[in-house]
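Here's the structure we're looking at; comments come further down.
One is the number of the first residue; the rest follow in order along the sequence.
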Amino acid sequence: MIEFKELSYQYPKQNHPALNELTFSIPESSYTCLLGQNGSGKSTLARLMNGLRLPSKGALLDTRDSSKIRTIRKSIGLVFQNPSSAMVSSTVFDEVSFGPANLGLDKEEIIKRVDQSLDLVGLKDKLLMNPEHLSGGEKQRLMIASVLVMQPKYLILDEPFSMLDIQNKGYILDVLKRIHAKGTAIVLITHNLMDALDAQRFIVLKKGRIALDCAKDELLDSYESLQEEELLSHPYLNLQTKLIEHGIGLQAFKTPKALLAEVLKGRS
């Protein structure tokens with residue numbers, strides 16, 4: 001499992017830690033949603049998870065041991081928010097095969113892994129295309145395939161929907177369900193609960209600390225906390241808010257909590 005023991009991280013020249021004494025674990029084959037507003041510490045935690053940063057205090061699987069950092073980076077894959085910034089190759093095949101080729105795997109194994117990863121994300125027909133010519137949603141799927149090809153135990157996605165429309169967001173969510181069904185643990189980082197209702201567990205960060213840690217069936221009990229942190233966003237709720245702002249009464253419409261209850265029931 002990914003295990004944090006009193007983990008803290010403080011950026012240079014900052015007066016307070018970005019993460020403050022976190023202790024919790026994420027089991028293999030689980031599906032966890034990490035929620036929080038900008039500045040809550042979500043992205044920092046993602047980079048600590050796979051050894052891109054080292055804790056200022058405490059430990060994540062003893063990442064101060066360099067030999068263990070290499071193991072962590074192999075088993076915990078990270079997909080960044082902006083896929084274009086991570087692309088290094090001129091074809092989809094080269095992009096996905098880059099990692100396993102650097103591991104020294106033989107050609108047959110590389111081709112097998114690339115085929116499996118692209119099939120899982122629905123990009124097998126784009127094999128020879130330049131990644132720059134893909135749509136935003138296809139680029140995000142390509143980055144997921146580039147991580148999956150390394151066969152990680154955990155897949156961490158840092159705000160993967162920030163530049164996607166509703167249709168592409170839905171496709172990515174379906175991809176994540178297929179990946180999770182094959183046994184890979186998912187850690188989905190977002191600021192909107194409605195983007196992550198396939199998750200089994202929800203952890204809310206606030207100012208570098210855990211403000212909430214609950215299972216899916218406990219979300220309604222924590223509704224007030226989620227609303228207070230502005231972590232609930234839905235097209236219906238957004239429209240309702242705009243209409244109310246313009247003086248249009250909506251007494252007959254469902255309350256946000258009632259809508260959340262219906263959505264959760266549909267996802268059970």
Side-chain angles (χ1 to χ4, degrees), residues 1-14 16-28 30-89 95-96 98-103 117 131 139-163 172 176 179 184-191 196 203 205 207-210:
M1 65 177 68
I2 300 178
E3 187 174 6
F4 305 87
K5 293 183 178 179
E6 298 181 354
L7 181 143
S8 297
Y9 183 83
Q10 186 163 339
Y11 289 96
K13 299 181 180 179
Q14 281 197 347
H16 55 83
L19 296 170
N20 199 346
E21 297 188 351
L22 302 184
T23 298
F24 68 100
S25 60
I26 302 177
E28 290 185 12
S30 59
Y31 195 145
T32 302
C33 173
L34 187 61
L35 288 156
Q37 291 297 338
N38 292 336
S40 62
K42 304 189 305 298
S43 294
T44 300
L45 185 56
R47 283 152 180 78
L48 282 161
M49 282 183 186
N50 81 332
L52 286 179
R53 295 189 184 277
L54 298 179
S56 305
K57 177 185 175 184
L60 161 60
L61 295 178
D62 196 13
T63 50
R64 296 181 186 277
D65 184 333
S66 61
S67 65
K68 292 186 179 181
I69 291 176
R70 288 191 291 271
T71 301
I72 287 169
R73 287 178 179 170
K74 286 181 181 179
S75 62
I76 303 176
L78 176 58
V79 177
F80 293 99
Q81 183 174 358
N82 182 1
S84 297
S85 65
M87 292 179 181
V88 297
S89 303
E95 187 68 43
V96 181
F98 180 81
N102 280 342
L103 289 180
S117 298
K139 287 179 180 177
Q140 194 63 274
R141 282 186 274 152
L142 175 58
M143 288 299 96
I144 293 173
S146 298
V147 173
L148 287 180
V149 76
M150 305 298 286
Q151 299 182 348
K153 292 182 179 179
Y154 291 82
L155 179 65
I156 302 170
L157 302 102
D158 188 7
E159 297 281 5
F161 309 124
S162 61
M163 293 179 281
I172 296 292
L176 296 184
I179 294 169
T184 302
I186 304 294
V187 179
L188 178 55
I189 298 173
T190 180
H191 59 271
I203 298 173
L205 284 183
K207 296 181 179 179
R209 292 183 178 273
I210 296 177

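Sorted by first and then second residue, the salt bridge (Lys or Arg N to Asp or Glu O under 4.0 Å) pairs involving residues 39-51 (not counting sequence neighbours) are Lys42-Glu159, Arg47-Asp158.
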Open item on the list: Before you tell me yes or no, could you show the steps for Met49 and Phe4 under side chain to side chain contact (heavy atoms under 4.5 Å, CB included), namely the whole-Å CA-CA distance, both residues' side-chain angles and the distance that decides it to 0.1 Å?
Closed with: CA-CA 9 Å; Met49 282 183 186; Phe4 305 87; 3.7 Å; yes
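Distance check: Leu155 CG to Leu78 CG gives 8.5 Å after rounding to the nearest 0.5 Å. The CG atom of Leu34 lies 11.5 Å from the CG atom of Leu157; values are rounded to the nearest 0.5 Å. The NZ atom of Lys57 sits 13.0 Å away from atom CG of Leu19, with the distance rounded to the nearest 0.5 Å. We find the OG-CD distance between Ser162 and Gln140 to be 7.5 Å, quoted to the nearest 0.5 Å. To the nearest 0.5 Å, atoms CG (Leu205) and CG (Leu35) are separated by 9.0 Å. In this structure, Ser43 OG and Leu52 CG are separated by 11.5 Å, a value rounded to the nearest 0.5 Å.
Residues Leu45 and Ile189 fail the side-chain proximity criterion, which asks for heavy atoms closer than 4.5 Å. At least one side-chain heavy atom of Met150 sits less than 4.5 Å from a side-chain heavy atom of Pro100.
Of the listed residues (Leu22, Leu48, Asn20), just one forms a side-chain contact (heavy atoms from CB on, under 4.5 Å) with Tyr9, and that residue is Leu48.
For Phe98, there are no ring pair (Phe, Tyr, Trp, His ring centres under 6.0 Å) partners at least two apart in sequence or on another chain. Every side-chain contact (heavy atoms from CB on, under 4.5 Å) that Ala145 has, sequence neighbours left out, goes to Val96, Ser117, Leu118, Val121.
Of the possible polar contacts, one joining the Ser56 side chain to the Gln10 backbone as a donor-acceptor pair under 3.5 Å is found. Put simply, the side chain of Ser8 gets close to the backbone of Glu21: a donor and an acceptor are under 3.5 Å apart. Judged purely by atom type and a 3.5 angstrom limit, Thr23 uses its side chain to pair as donor or acceptor with the backbone of Glu6. Listed for the Tyr154 side chain is a donor-acceptor partner under 3.5 Å among the backbone atoms of Ile26. Checked by atom type and distance alone, the side chain of Glu28 never pairs as donor or acceptor with a backbone atom of Lys153 at under 3.5 Å.
Considering every non-hydrogen atom in both Ser30 and Pro27, the closest pair reads OG-O, 2.6 Å.
Around atom CG of Asn38, no more than 12 heavy atoms belonging to other residues, nucleotides or ligands sit under 6.0 Å away.
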